[in-house]
Amino acid sequence: MTDKRKKKYTRYDIYMAAAAILFTVSIILTVCAAKVPGMAQQYSIHIYPLLVSTVGRISGIFPFSVTEILLYLLAAALLLSSGRAIWKMARGAKRGEALFIWFSRIFLAAGILVFLYVAACGINYHREPFSKEAGIETREYTAEELKEICLWLTQEVNDRAQSAESDEQGQLLLGTAEGLSEAERDAVEAMENLGETFPCLEGYYPHPKGILVSEILSYQGLTGIYTPFTVEANYNADMTAYNIPFTLCHELSHLRGFMQEQEANFIAFLACTESDRIEFQYSGYLSGWVYCMNTLYEASYESWQEVRAQLCAEAEPDLKANNAFWASYDGKVAEVANQVNDTYLKINGQEDGVQSYDRMVDLIVAYFYERL
């Protein structure tokens, strides 16, 4: 009995030591990425792509979100582990020993997850921004200049809204489940095509995947999420169709190491608007229109009213359906999730938090006046 107990403690001591090493390495890598010039950039260019082409390729074999399934299994394992520890203590096991065994397993699992997060996500937050690599410089702009951008986007939306296929309610039609699979493939193609213009976007892209229980994202107010643990681009399959192409490209941009949300939005805008598929173009222009119009609303309400009146009737059902969809999930969960996301982004160097998504407007304005 004594020998077995010693072996058991030795094994769980190893769990604790391994977890401590993983946490220490993760902290060192994070500090180096933030403080050592060029470290994050070189990592994102030379090492991170290996994770995408290996881990991402393996998880890409499965048609479902591997992360989602692992999340359910992890939750079940946590419950079973906790129940087992309680049962052992109820059967007379020493409380300290049972708790130590339980905690060592939890600590090791946490260490593995933290290390995977840092390796496949955290370091990339400190790489050079896409705008710098693409040679796009943001600047201050006037409300009148923003109005000009919004007028341009309105015309682009109108042209495509009248051509894109819609359902009986007048909303963008991407099709059935097979239609979404086609959209996933087209998103990869759109990103690959954009890589021909911007070399920093070249590389392997696994297909994005819809979450099976997308209500998990809906209640959090999320359209999609990049999961570094399996290097997957996941999206909310329940949301309004016009959001989907833009979200697919947004999440895929994270697989090139661009973690800043405003840049992921801008890359998605470029990928969609330069896609050969009309539905993607419509999604990109309408998403950009919404962001720019929200900013114009704050800058000049009169200008906003003038531009808003020029949006064609064909685009209205998508906007109304989108507002209704998110309103149905608005509540305390969404509020807490938004605050958590805001804190997470600020910790990772995005000072504007969730407001950083809106900063894509600065990039669109710069792109319009520099390139178009």
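This is a predicted model, so every value here is computed, not measured.
- Across all their heavy atoms, Ser300 and Ser303 have their closest contact at OG-OG, 2.9 Å.
- One finds no salt bridge joining Glu189 and Arg277 here, because no Lys/Arg side-chain nitrogen approaches an Asp/Glu carboxylate oxygen to under 4.0 Å.
- Taking 4.0 Å as the cut-off between side-chain N and carboxylate O, Arg139 and Glu145 count as a salt-bridged pair.
- Side-chain contact check for Glu148 and Tyr369: at least one donor-acceptor pair (N or O, by modelled atom type) lies under 3.5 Å.
- Looking only at side-chain heavy atoms (C-beta outward), Asn193 and Glu274 stay at 4.5 Å or farther from each other.
- Cluster annotation: Ile28 is not connected to Tyr125 through the hydrophobic network of ILVMFWY side chains, with a link wherever side-chain heavy atoms come within less than 4.5 Å.
- With sequence neighbours excluded, the residues forming a side chain to side chain contact (heavy atoms under 4.5 Å, CB included) with Leu319 are Tyr242, Leu286, Trp289, Val290, Arg308, Leu311, Glu316, listed by chain and number.
- In this pair, Tyr117 and Phe229 present their aromatic rings tilted. The plane angle is within the 30 to 60° band.
- Looking at Tyr43, its side chain does come within 3.5 Å of a backbone N or O of Ala119 through a donor-acceptor pair.
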- Message: Applying side chain to side chain donor-acceptor pair (under 3.5 Å) to Trp326 and Asn322, what does each step give before you reach the verdict?
- Response: CA-CA 6 Å; Trp326 294 112; Asn322 184 63; 3.1 Å; yes
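- Residues near Leu79 contribute nothing to a hydrophobic cluster around it, because no ILVMFWY side-chain heavy atom sits closer than 4.5 Å to its side chain.
- For Asp167, the side chain to side chain contact (heavy atoms under 4.5 Å, CB included) partners are Gln169, Gln171, Leu173, not counting sequence neighbours.
- Salt bridge annotation for Glu156-Arg160: present, with a cationic side-chain nitrogen under 4.0 angstrom from a carboxylate oxygen.
- Gln310 and Thr154 are not linked by any side-chain donor-acceptor pair at a separation below 3.5 angstrom, with hydrogens and angles left out of the test.
- Tyr15 does not carry Arg105 over the face of its six-membered ring by the limits of under 6.0 Å from the centre and within 45° of the normal.
- Smallest separation of non-hydrogen atoms from Val307 and Met293: CG1-SD, 3.6 Å.
- Counted by atom type alone, Asn236 and Ser218 present one or more donor-acceptor pairs between their side chains at under 3.5 Å.
- Residues satisfying the side chain to side chain donor-acceptor pair (under 3.5 Å) test with Asp159, not counting sequence neighbours, are Gln155.
- Just one residue in the list Leu248, Asn234, Thr227 forms a side-chain contact (heavy atoms from CB on, under 4.5 Å) with Lys209, and that residue is Asn234.
- In this structure, Tyr329 and Tyr219 have perpendicular ring planes: the angle between them is above 60°, well past the 30° mark.
- Checked for salt-bridge contact, Glu263 and Arg256 miss the test: no charged N lies under 4.0 Å from a carboxylate O.
- Under a hydrophobic-cluster definition in which Ile, Leu, Val, Met, Phe, Trp and Tyr are linked whenever side-chain heavy atoms come within less than 4.5 Å, directly or via other members, Leu212 and Phe62 are assigned to the same cluster.
- Qualifying ring-ring contact (aromatic ring centres under 6.0 Å, His included) partners for Trp304, counting only residues two or more places apart in sequence or in other chains: Tyr297, Tyr301.
- Residues passing the side chain to side chain contact (heavy atoms under 4.5 Å, CB included) test with Ala233 are Pro208, Glu251, Leu252, Leu255, sequence neighbours excluded.
- Side-chain heavy atoms closer than 4.5 Å link hydrophobic residues (I, L, V, M, F, W, Y) into clusters, and following such links, even through other members, never connects Ile27 to Val36.
- Taking the six-membered ring where the residue is Trp, His254 and Tyr226 present tilted rings, their angle falling between 30° and 60°.
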